[in-house]
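Naming: A, B, ... by sequence-line order, numbering from 1 per chain.
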Amino acid sequence: MTKFIIRRLLQTIPVLIGVSILVFSLMYLIPGDPAQMIAGEAASPQTVEQIREKLGLNEPPPKQYLKYMSNIIQGDLGNSIRSGRPVADEIKARFWVTVELSFYATILAVFIGLIAGIVSAVKHYTWSDVTIMIVALFGLSMPNFWFGLMLIQWFAIGSWMPDWMPQMRASGWGDDWKQVILPVVTLGTGGAAIIARMTRASMLEVVGQDYIRTARAKGMGERVVIYRHALKNALIPVITVVGLEFGGFLGGAVLTETIFAINGMGRLTIDAIRTRDFPIVQGTVLIISFLFVFVNLLVDISYRLLNKRIDLN
Amino acid sequence: MVQQSPVAGTIRKPVNPRVESYKNLWRRLRKNKAAVVGGLLILVFLVAGIIGPYLTTQDPNLPQISIKLQGPSAEHWFGTDNYGRDIFTRIIHGMGITMTVGFFSVALGGIIGVFLGIVSGYYGGKLDTVIMRIMDILLAFPGILLALAIVSVLGGSLTNLIIAVGVFSVPAFARIVRGSTLSVRRLEYIDAVKALGASDARIIFKHILPNVMSPIIVQLTLRIATAVLTASGLSFLGLGAPPPTPEWGAMLSEGRAYMQQAPHLVLFPGLMIVLFVLAFNIFGDGLRDALDPKMNK
């Protein structure tokens, strides 16, 4: 197991380097001169040249990348063009908001998804199954930003239940737990649909296996067969999806945070794109991706821990 | 080859296995009610997207302030927006844009992804490792983030949206096609054509590609759904086509400011996205069921 963890850890290094190269190269895809952009349109050529010199833009790209990387390792992600503050500080203030939002959305998605998936599989080909799967298909097909707006319309500003739930959040997470509900539901619904479908498929596959037939032949109750024998094994592949969903939520938070005016990393990214504050865009994209790689690493390790069959093979 | 029928005196027509397998697929697909509904919906969208703009009587971009923010009526089925433009007309005109973005981005991602997947699976070795590690890197950007990063540097336009969403689709195709290629490559008939001296290109295009088409077709359908969701999300954020293009995501974004007075500004474009994506999702699911060998048993 330790060997596996070390190997898996080593495998993430090239991915992290690749991600950093890609994020670094974003700067070169921008039309125009980055130094000019930082200095502003009205800046004199001398100022632009000074900035270029300061940022090392006159150096060859590989050398620039190495400098960029060594700065990242030291926690320096550059400075925001707009505020002049270090990007790392800007992100630090918002990092936990996004992580918390994604975390709650994952819990909601897992909770609803698992229950719906299990019910669907246990009662497969009945009306409950068909209804759950249709709802899941809708959940899968719905843009979460539209769903969020509809929730605001219904529960916060509209005529159905006006002001039932506060939807605006000035900064970070406040004391009012109600504020968390709408964004979390918005973000988590699509994931719940995916987990429900995955759980159902996985359960149905397990239920068809020999050991389940043996358990039934031994005269075990249906409840014991399903919950003690089938579910345990059916949940193993679902874990991978949960990890991916958490990552998806980190990315999807860009839209949810914009709709609910939540000051997380997603909204910071969008604001930075609008003001062409590229160091911030680079920083947030890099941090979210690194976090995603890390979560996937944890998922892989827990998958390995739970799935004994891999060891046997 | 003409086969002699067991019934003396009659001659059976030669059977083309590929045509037969498509016929089988069609038969199974027709039996799947959800797939039929999805397919019909896609057909309706296609027809409405192509000929709809010629049938609408109103200009999708002409402001008529005197009738702004009107609710649904016989004259304006989906109401009017903040500039008095007919929302139904804009939705019909936007259908073509949604389809263009969906189809072209998936075509772009599909072509690159399938090529990389086949090359990776067929040649294996270092090339496989390099290609798959690059795919891992692209997959390390969760959700909409990769497309967002690309479109943020390229700037907001329909073409850039297609490029961004296309690149976002590449790894999904590459991974699936690589897996299928690996299993097909090991089959004996590939060794046989190799022994006959067929070139790599011939083996790839004539013998491997047709046999990995099933997962590609399913993936193409499902990815159109994902692509449309991603593209509408980016347009919602203002990173798609510039106004007044009647792109559904952009319409949602514009309507957001008037949600309290006129919720229909947000309701209808959103519902259209849901229906469009749903159609491709259920058709894709049906296709997968029809093409899955496990389901054929």
Could you tell me the separation between the [atom1] atom of [X] and the [atom2] atom of [Y], rounded to the nearest 0.5 Å?
X: B/I162; Y: B/T100; atom1: CD1; atom2: OG1; value: 6.5 Å
X: A/L101; Y: A/E257; atom1: CG; atom2: CD; value: 6.0 Å
X: A/D277; Y: A/T284; atom1: CG; atom2: OG1; value: 9.5 Å
X: B/L220; Y: B/F280; atom1: CG; atom2: CZ; value: 10.5 Å
X: B/Q261; Y: B/M259; atom1: CD; atom2: CE; value: 11.0 Å
X: A/I259; Y: A/F147; atom1: CD1; atom2: CZ; value: 11.0 Å

Top of [options] for chain A proximity - count of heavy-atom pairs under 4.5 angstrom:
options: B/G155, B/A279, B/S232, B/A225; answer: B/S232
options: B/D136, B/I144, B/L148; answer: B/L148
options: B/I273, B/L267, B/I282; answer: B/L267
options: B/A34, B/G156, B/G233; answer: B/G233
options: B/T230, B/L145, B/V228, B/L146; answer: B/L145

**Prompt:** Taking all non-hydrogen atoms of both residues, which atom of A/E245 and which atom of A/G191 are closest, and how far apart?
**Reply:**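 Answer, listing the atom of A/E245 first, then A/G191: OE1-CA, 3.2 Å.
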**Request:** Kindly give the heavy-atom pair with the smallest separation between A/G266 and A/T98, and that separation in Å.
**Result:**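 In terms of heavy atoms, the two residues are closest at N-OG1, 3.9 Å.
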Chain B heavy atoms under 4.5 Å from [X]: which part of the residue, side chain, backbone, both or neither?
X: A/I270; value: side chain
X: A/F246; value: neither
X: A/M142; value: both
X: A/P14; value: backbone
X: A/L22; value: side chain

**Request:** Apply side-chain contact (heavy atoms from CB on, under 4.5 Å) to the pair B/V218 and B/I176, showing each step before the final yes or no.
**Result:** CA-CA 11 Å; B/V218 173; B/I176 284 173; over 6 Å; no
Tell me, side chain or backbone of [X] under 4.5 Å from chain A's heavy atoms, or both, or neither?
X: B/I134; value: neither
X: B/A140; value: both
X: B/L275; value: neither
X: B/R256; value: side chain

Among the options [options], pick out the one with the most heavy-atom pairs lying under 4.5 Å from chain B.
options: A/G18, A/G251, A/S289; result: A/S289
options: A/L140, A/L250, A/L286; result: A/L140
options: A/V281, A/L255, A/V293; result: A/L255
options: A/L149, A/L291, A/V15, A/N296; result: A/L149

**Message:** Can you see whether A/F260 has A/R267 sitting over its ring - NZ or CZ less than 6.0 Å from the centre and within 45° of the normal?
**Reply:**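 Ring-cation test returns no.
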**Message:** Would you say A/S20 and A/Y65 are linked by a side-chain donor-acceptor pair, where the criterion is simply a distance under 3.5 Å?
**Reply:**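 Per modelled atom types, A/Y65 and A/S20 side chains form a pair under 3.5 Å.
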